[in-house]
**Q** 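Got a structure here, written out as structure tokens. Questions coming.
Being a predicted model, the structure only gives us computed values, none of them experimental. Naming: A, B, ... by sequence-line order, numbering from 1 per chain.
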Amino acid sequence: MRGHFLRFHRWIGWPLVLGLISCAPTSDDPHRLSIWEQMEPAEQRLLHEHLQQFETEHPGVQVDVVHFETENLRNNYQTAALARTGPDLVYGPSDHVGPFSIMGLIEPLENVFSADSLALFLEDAKPSLEGHVLRLADQVGNHLTLVLNRKYVDHVPVDTEDFLEIARSNTVDENGDGKTDRYGIVFNLTEPFWLVPWLGGYGGWVMDENSKPTLDTPAMREALSFVRRLVDEGVIPPSCDYPLADTLFKQGSAAMTINGPWSWESYREQGIDIELALLPRIAGRDSWPQPMTSSKGYSLNRWIPPARHPLAVELLAFLTSARVVGRISEELGTLPSRSDVSQWPRLQANPTLHSSWAQLVKGRLMPVVPEMRVLWDVMRPGLQHVISGRLSPEEAARSMQQSALRKIEELRK
Amino acid sequence: MSRRTVAWWFLLPSALVLGAVVAWPFVYNFWISLTDLGLYTIRDGAHFIGIQQYLRVFAEPDLYRYLLRTLVWTLLNVFFHVLIGVSIALILNRPLRGRSLYRALLILPWALPQYIAALSWRGMFNYEFGSINLLLAKLHFSPIPWLSTEVGAFAAALITNIWLGFPFMMVVALGGLQSIPREMYEAAEIDGAGAWWQLRKITLPLLRPVMMPAIVLGTIWTFNNLNVMWLVTNQGEPGDSSHILVTYVYKAAFNYYRYGYAAAFSVLIFLILLGLTWINYRQASRSTYGA
């Protein structure tokens with residue numbers, strides 16, 4: 001027995017282990033790059049095409065891509081980068097980059113790109129914190145717009161009263177069974193991202209310039225009252241969350257929805273004749289809803305081995321180059337992140353991009369500070385309690401502010 | 001090399017793996033719980049702050065509410081898992097046409113990924129369009145606001161987890177039932193014992209040694225079950241009112257980056273589970289061996 005074990009151990013066991021180790025890719029291979037992303041399928045398809053192009057232009061270079069769901073991407077990247085490993089580039093939404101920067105997990109991009117190169121990007125496309133550029137985007141916007149089903153709605157609402165009137169006239173019980181078969185408007189009532197445009201429209205915002213929450217304000221109370229009014233008038237299902245809103249609109253069971261650029265193409269694919277429109281002006285005031293705008297793009301891992309660093313920077317420059325950004329914009333209907341690309345005549349002639357741009361300029365950039373995460377978390381229950389009637393808008397706004405102050409303090413402990 | 005040394009060499013890989021995946025994370029978690037590790041300290045290194053995180057945990061106003069809800073959640077789940085699992089096992093252990101088909105169908109919930117099952121159930125609990133309320137309406141009952149009230153959300157998660165968990169107990173109970181000698185029932189029948197007597201005096205006592213480890217496992221799994229509560233209630237909705245301990249800790253660690261605090265909370269959860277397991281095992285050995 002002992003002899004067998006020793007023979008196994010000497011002639012098969014150790015060579016096997018050593019062989020397996022030598023076959024594994026080494027983390028500092030200068031020709032093997034990696035990207036972690038949370039892209040939609042259409043974005044992924046384009047990314048793979050662009051990477052093929054990059055690999056063709058750089059013989060011997062291989063780029064690995066790993067896909068994650070948004071929250072998993074944040075958690076996994078954090079864990080990996082804290083251990084000084086992880087991908088060379090991480091692709092995601094802007095709200096990740098604030099915490100990544102504070103934790104020292106991403107490299108400030110002004111260290112690797114010249115001021116002239118950075119100047120080609122729109123302000124929304126290069127979120128920054130404490131003077132450091134944290135990410136370069138390949139698309140900007142990610143903002144909500146009003147989407148009309150032209151089968152039911154023949155004009156763009158002039159203001160919120162007109163919007164309500166259209167919604168009322170399109171909330172119908174078609175078969176007379178006492179149940180609503182078509183709703184006037186559907187959107188995600190459970191997420192404060194859909195509340196923020198109204199908050200901005202009534203003159204408020206989520207935080208001040210010192211990142212202190214500003215939630216217990218008349219603007220928040222009015223915004224909550226407006227959303228509650230939609231529920232009270234029965235023009236929106238009270239339990240309307242994202243999947244429900246999306247399904248109802250795609251089924252043709254809703255006249256209007258509020259959604260972002262990621263959804264428009266899927267509505268067209270379902271055969272819905274859509275028109276993008278501005279979120280309606282607040283009636284009786286000269287103010288417009290302010291959807292939050294942000295961008296999606298690439299950050300550079302702070303712990304890339306020096307031997308691979310120049311190639312990683314080159315890949316980032318390629319993936320945010322004019323030809324790549326322009327193609328993404330043309331194919332996906334997203335707004336380009338570069339000012340030179342936004343001037344392309346064929347993009348300027350695109351009606352979807354035109355409408356999206358019109359809404360974008362009425363929007364406001366999402367803060368990238370970590371406190372934003374707390375604000376989402378405290379606004380969510382407040383909004384939900386107002387929708388369910390458990391809290392008045394006044395009580396909800398007060399509760400949001402108190403919770404926000406407490407949780408931000410906890411965040412810093 | 002002596003036989004003893006060879007044995008140690010064979011044990012070494014398992015010991016290394018257990019050390020790396022169990023002992024080291026446990027010790028590291030305990031260390032983190034004594035530091036101020038968080039969003040703003042992670043970059044430059046955390047500082048030792050003694051038991052301050054533990055004091056914060058015990059000062060948390062919602063701690064006892066979450067603890068009570070977790071205990072109720074665990075107790076109800078395990079109770080229904082065992083009740084339904086053993087009941088179905090008793091039925092399937094008898095001669096029955098299509099028994100294999102029923103067995104396969106009843107194991108399905110266990111075979112489904114929890115993530116998919118939980119999200120599907122969440123859809124079914126929708127107030128206006130969910131199949132459960134549509135069914136209730138057909139039966140002339142009022143719809144229930146499952147996901148928009150604290151009690152409703154808890155009940156929705158509970159129903160989902162009971163559905164997901166009973167097949168495990170059923171499989172364990174079926175194995176246990178098949179190991180009970182047939183002769184014992186035949187002898188009892190000759191003595192004139194009825195079905196109820198046989199169940200109480202033969203089946204349940206002989207099932208107990210098989211079921212107790214499963215119940216202990218089920219208790220630990222349910223107590224620490226993040227997926228179902230997190231997904232069905234969409235991260236503790238409505239308004240963070242449906243958290244159990246693990247969902248609250250997960251949110252503290254991964255949404256708010258409060259690693260030191262969450263680590264202290266995890267140590268507390270570990271101690272609670274250790275206590276529950278110890279009580280369970282003592283009860284089990286007393287009832288099995290009369291100790």
**Q** Pick one of side chain, backbone, both or neither for B/Tyr259, based on which atoms fall under 4.5 Å of a heavy atom in chain A.
**A**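 For B/Tyr259, the contact with chain A is made by the side chain alone.
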**Q** Give a yes or no on this: more than 12 heavy atoms of other residues, nucleotides or ligands lie within 6.0 Å of atom CG of B/Leu274.
**A**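 Buried by this count: over 12 neighbours within 6.0 Å.
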**Q** Using a cut-off of 6.0 Å, state whether more than 12 heavy atoms not belonging to B/Phe168 lie near its atom CZ.
**A**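 Yes, enclosed.
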**Q** Between A/Thr180 and B/Glu128, is any pair of side-chain heavy atoms under 4.5 Å apart?
**A**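 In short, these two side chains do not touch, never coming nearer than 4.5 Å.
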**Q** Begin from the C-alpha positions of A/Gln78 and B/Tyr257 and carry the test side-chain contact (heavy atoms from CB on, under 4.5 Å) through to its verdict.
**A** CA-CA 10 Å; A/Gln78 243 167 249; B/Tyr257 311 95; 3.2 Å; yes
**Q** Below 4.5 Å from any heavy atom of chain B, which atoms of A/Thr79 appear? Answer side chain, backbone, both or neither.
**A**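 A/Thr79 has no heavy atom closer than 4.5 Å to chain B.
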**Q** Working to the nearest 0.5 Å, report the span between CG of A/Leu411 and CZ of B/Arg258.
**A**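 It comes to 8.5 Å.
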**Q** Testing A/Pro237, A/Pro243, A/Cys240 for side-chain contact (heavy atoms from CB on, under 4.5 Å) with B/Phe129, which one passes?
**A**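 The option that passes is A/Pro237.
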**Q** Can you establish whether the number of heavy atoms outside A/Glu130 located under 6.0 Å from its atom CD is more than 12?
**A**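 No, because the 6.0 Å sphere around CD of A/Glu130 holds 12 heavy atoms or fewer from other groups.
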**Q** Give the intermediate values and the outcome of side-chain contact (heavy atoms from CB on, under 4.5 Å) for residues B/Asn255 and A/Lys407.
**A** CA-CA 11 Å; B/Asn255 281 19; A/Lys407 291 196 175 191; over 6 Å; no
**Q** Does B/Arg43 use its side chain to pair, donor to acceptor, with the backbone of A/Ser101 at less than 3.5 Å?
**A**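 Side chain of B/Arg43 to backbone of A/Ser101, a donor-acceptor pair under 3.5 Å: yes, one is there.
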**Q** Would you say that more than 12 heavy atoms from the other residues, nucleotides or ligands in this model lie under 6.0 Å from the CZ of B/Phe141, or not?
**A**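 Count not over threshold, so no.
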**Q** Rounded to the nearest 0.5 Å, what's the gap from NE2 on A/His385 to OG on B/Ser241? Could you check?
**A**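 Result: 6.0 Å between the selected atoms.
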**Q** Is A/Leu244 in contact with chain B via its backbone, its side chain, both, or neither, using a 4.5 Å heavy-atom distance?
**A**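 The answer is the side chain of A/Leu244.
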**Q** Taking everything shown except B/Arg65 itself, do over 12 heavy atoms lie less than 6.0 Å from its CZ?
**A**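 Yes, enclosed.
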**Q** Of the options B/Asn126, B/Leu147, B/Asn133, which is the one that meets A/Ser239 in a side-chain contact (heavy atoms from CB on, under 4.5 Å)?
**A**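 Looking at B/Asn126, B/Leu147, B/Asn133, the match for A/Ser239 under the side-chain contact (heavy atoms from CB on, under 4.5 Å) is B/Asn126.
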**Q** Tell me which of these, A/Asp377, A/Leu82, A/Leu248, has more heavy-atom pairs under 4.5 Å with chain B than the rest.
**A**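 Greatest number of close heavy-atom pairs with chain B: A/Asp377.
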**Q** Rounded at 0.5 Å granularity, tell me how far CZ in A/Arg390 sits from CD in B/Glu150.
**A**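 Reported to 0.5 Å precision, the distance equals 8.5 Å.
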**Q** If the contact rule is any heavy atom under 4.5 Å from chain B, which residues of residues 69-76 of chain A qualify, in numerical order?
**A**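 Under the 4.5 Å heavy-atom cut-off, A/Glu71, A/Arg74, A/Asn75 qualify.
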**Q** Please output the residues of residues 20-41 of chain B in contact with chain A, using a heavy-atom cutoff of under 4.5 Å, in numerical order.
**A**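 Under the 4.5 Å heavy-atom cut-off, B/Leu39, B/Tyr40 qualify.
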